[in-house]
Amino acid sequence: MKSSHRQRLIETTSRLLQAQGYRNTGLKQILDESETPRGSLYHYFPGGKDELVVAALGHASETVATTIAELCGAHAAPGEALWAVVEHFIAELETSSFEKGCPVATVALEQAAQNPVIQQACAQAYALWQGGLETYLQAHGYRQPAILAERLLVALEGALLLSRARLSAEPLRQLRGMLTPMLQQED
């Protein structure tokens, strides 16, 4: 039971951070929405909010990494695989009324310059995703998989941000036309 409290705190925090960021996510809201006793918060996260946020970012980054790996693994052609990843994020945005963007970006924009612990967690999340893309691209014979993985991540993050700001998935949909030339340029 106690470990389920910890997991509920992490999952709830992850969901709230994705939708509303670090500053707008309070401990009371996390406790209320996770239906977890206050004592559990400080038992599992004696470092308070920052320690919980780091755990939530780790959870979110692993979830996204797994999703990317599964979507890429389900398609033989890199263009189709990467488009499936983009479609996943389009669906997340549209089904959440544009509340579910990148689970790390909002926190990174708010806290990375001010909080080294949070900055490190955000950097690790992006490194995990980029590393997964790099491994996938390397397995498909790309000459510079690290550079291409970073470019793809930058394009995806930018499109997610613009889509959320505009309340339209059109910037993400425009990536489809960009993926093939990006992949061919590095092949």
Side-chain angles (χ1 to χ4, degrees), residues 1-72 84-133 153-154 156-169 171-172:
M1 180 69 163
K2 288 184 180 181
S3 64
S4 68
H5 286 183
R6 183 179 192 285
Q7 194 60 32
R8 282 201 321 255
L9 286 166
I10 291 170
E11 290 172 0
T12 300
T13 302
S14 179
R15 178 179 50 80
L16 292 171
L17 290 172
Q18 183 177 20
Q20 57 194 42
Y22 181 92
R23 289 190 183 119
N24 290 326
T25 300
L27 293 177
K28 182 178 180 339
Q29 181 185 21
I30 293 167
L31 290 168
D32 290 348
E33 292 197 22
S34 67
E35 298 177 346
T36 305
R38 186 175 215 41
S40 292
L41 174 66
Y42 293 103
H43 173 74
Y44 292 110
F45 304 99
K49 184 177 180 179
D50 283 357
E51 187 176 348
L52 175 57
V53 167
V54 167
L57 290 171
H59 169 75
S61 67
E62 289 171 13
T63 300
V64 170
T66 299
T67 299
I68 290 172
E70 288 172 356
L71 291 169
C72 287
V85 172
V86 174
E87 285 181 322
H88 165 77
F89 284 107
I90 290 170
E92 285 274 299
L93 279 171
E94 290 182 337
T95 60
S96 70
S97 299
F98 292 87
E99 284 189 3
K100 284 187 173 183
C102 172
V104 175
T106 303
V107 176
L109 291 169
E110 288 180 333
Q111 294 294 305
Q114 301 164 4
N115 187 325
V117 172
I118 301 297
Q119 178 276 325
Q120 187 62 35
C122 293
Q124 287 173 347
Y126 287 124
L128 179 64
W129 302 338
Q130 185 175 334
L133 289 170
L153 186 59
V154 167
L156 179 59
E157 281 296 311
L160 275 165
L161 182 60
L162 284 175
S163 291
R164 199 163 179 205
R166 294 177 183 169
L167 299 178
S168 166
L172 280 165

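Any value given below was found using the heavy atoms of this structure, including those in side chains, with hydrogens, waters and symmetry copies removed.
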Verify side-chain contact (heavy atoms from CB on, under 4.5 Å) between Leu156 and Leu172, making sure each step is shown before the conclusion. CA-CA 7 Å; Leu156 179 59; Leu172 280 165; 3.8 Å; yes

I would like to know whether Thr67 and Phe89 meet side-chain contact (heavy atoms from CB on, under 4.5 Å); could you show each step before the answer? CA-CA 10 Å; Thr67 299; Phe89 284 107; over 6 Å; no

Output the distance between atom CG (Leu160) and atom CD1 (Ile90), rounded to the nearest 0.5 Å. 9.0 Å

Would you say Glu35 has more than 12 foreign heavy atoms packed within less than 6.0 Å of its CD? no

Expected output: side-chain Gln111 to main-chain Ile118 donor-acceptor under 3.5 Å: no

If you round to the nearest 0.5 Å, how far is CD of Gln20 from OG1 of Thr25? 4.0 Å

Please report the interatomic distance CD(Gln120) to CG(Leu57), rounded to the nearest 0.5 Å. 11.5 Å

Test your reading of the model: is there a side-chain donor-acceptor pair from Gln18 to the backbone of Val104, 3.5 Å cut-off? no

Under 3.5 Å: donor-acceptor pair, side chain of Ser168, backbone of Arg166: no

Under a 4.5 Å cut-off applied to non-hydrogen side-chain atoms, are Cys72 and Val85 in contact? yes

Filter on ring-ring contact (aromatic ring centres under 6.0 Å, His included), then keep only pairs touching residues 105-129, sequence neighbours left out; what's left? Tyr126-Trp129

Which distance, rounded to the nearest 0.5 Å, do you find between the CG of Asn24 and the CG of Leu17? 10.5 Å

Under 4.5 Å between any side-chain heavy atoms of Phe45 and Ile10, yes or no? yes

Nearest-0.5 Å distance, NZ of residue Lys28 to CD of residue Glu33: 10.5 Å

Heavy-atom closest pair, residues Pro103 and Val64: CG-CG2, 3.7 Å

Could you note down all residue pairs passing salt bridge (charged side-chain N to carboxylate O under 4.0 Å, His left out) where residues 87-109 supplies at least one of them, sequence neighbours left out? Glu94-Arg173

If you take all heavy atoms of Ala105 and Glu157, which pair is closest and at what distance? CB-OE1, 3.6 Å

So, Arg164 and Thr106: side-chain donor and acceptor under 3.5 Å apart, yes or no? yes

Would you check if Tyr42 and Leu27 make a side-chain contact, meaning some heavy-atom pair closer than 4.5 Å? yes

Between CG on residue Leu41 and OG1 on residue Thr13, distance to nearest 0.5 Å: 8.0 Å

Shortest non-hydrogen separation from Tyr22 to Lys49 and the atoms involved: O-NZ, 2.7 Å

Within the 4.5 Å heavy-atom criterion, are Ser61 and Gln124 side-chain neighbours or not? no

Least distance between heavy atoms, His5 atom then Ser40 atom: ND1-OG, 3.0 Å

Using side-chain heavy atoms (C-beta onward) and a distance below 4.5 Å, is Leu9 in contact with Leu31? yes

